[in-house]
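All remarks here apply to the structure that follows.
Keep in mind that this is a model prediction, so the values were computed, not measured. For the numbers below, each heavy atom of this structure counts, side chains included, while hydrogens, waters and symmetry mates do not.
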Amino acid sequence: MVDQKDVVELGQETWKVIFLRAKKLKMVEFRSGDYSIAGIEQNPKTTSRWAELAQQGKRIMQFRCKGRYIANVCEGKPLRYPAWHALAIPE
């Protein structure tokens, strides 16, 4: 999404990038096996440590599944939250 593309390619599938007008963030919703996952770019206007990194120009995505934050990726490095394991999402 950093490349300003309208679609994201995951494997052999493409998923449309959505622009969330309220917070001016980009999001992509995709499926991984039986799971529907939303990847949302980090909002730099919040007060979290991830927002601080985004303010410094780091590329950060947050991922949600079933209403819970399950992971993030900062500069290509994934960090899985406990919800990832609680929902039994495969590695």
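- When all heavy atoms are compared, the tightest approach of W84 to I70 is CB-O, 3.6 Å.
- The closest donor-acceptor contact from the side chain of R31 to the backbone of D34 lies under 3.5 Å.
- Remark: side-chain polar atoms of Q55 are paired, donor with acceptor, to backbone N or O of P44 under 3.5 angstrom.
- Annotation: side chain of M27 is in contact with side chain of E29 (closest heavy-atom distance under 4.5 Å).
- If you take OG on S48 and CG on N72, they are separated by 9.5 Å, rounding to the nearest 0.5 Å.
- Under a 3.5 Å cut-off, the side chain of S32 and the backbone N or O of Y35 do not form any donor-acceptor pair.
- Considering every non-hydrogen atom in both F19 and K26, the closest pair reads CD1-CG, 4.3 Å.
- For K66 against L87, the heavy-atom pair with the smallest separation is CD-CD2, 4.0 Å.
- In this structure, Q12 places its CD atom where only 12 or fewer heavy-atom neighbours from other residues, nucleotides or ligands lie under 6.0 Å away.
- One finds the CG atom of L25 at 4.5 Å from the CG atom of N43 (value rounded to the nearest 0.5 Å).
- Under the 4.5 Å side-chain heavy-atom criterion for ILVMFWY residues, no single connected hydrophobic cluster contains both F63 and I60.
- Separating the CZ atom in R68 from the CZ atom in R64 is a distance of 10.5 Å, to the nearest 0.5 Å.
- In this structure the side chain of C74 never reaches within 4.5 angstrom of the side chain of Q42, judged on heavy atoms.
- The two residues Y69 and Y81 make their nearest non-hydrogen contact at O-CD1, 3.5 Å.
- Cluster annotation: M61 is connected to F30 through the hydrophobic network of ILVMFWY side chains, with a link wherever side-chain heavy atoms come within less than 4.5 Å.
- Looking at heavy atoms from C-beta onward, W50 lies in side-chain contact with L79 at the 4.5 angstrom threshold.
- E75 contributes a side-chain N or O that, together with a main-chain N or O of R59, makes up a donor-acceptor pair within less than 3.5 Å.
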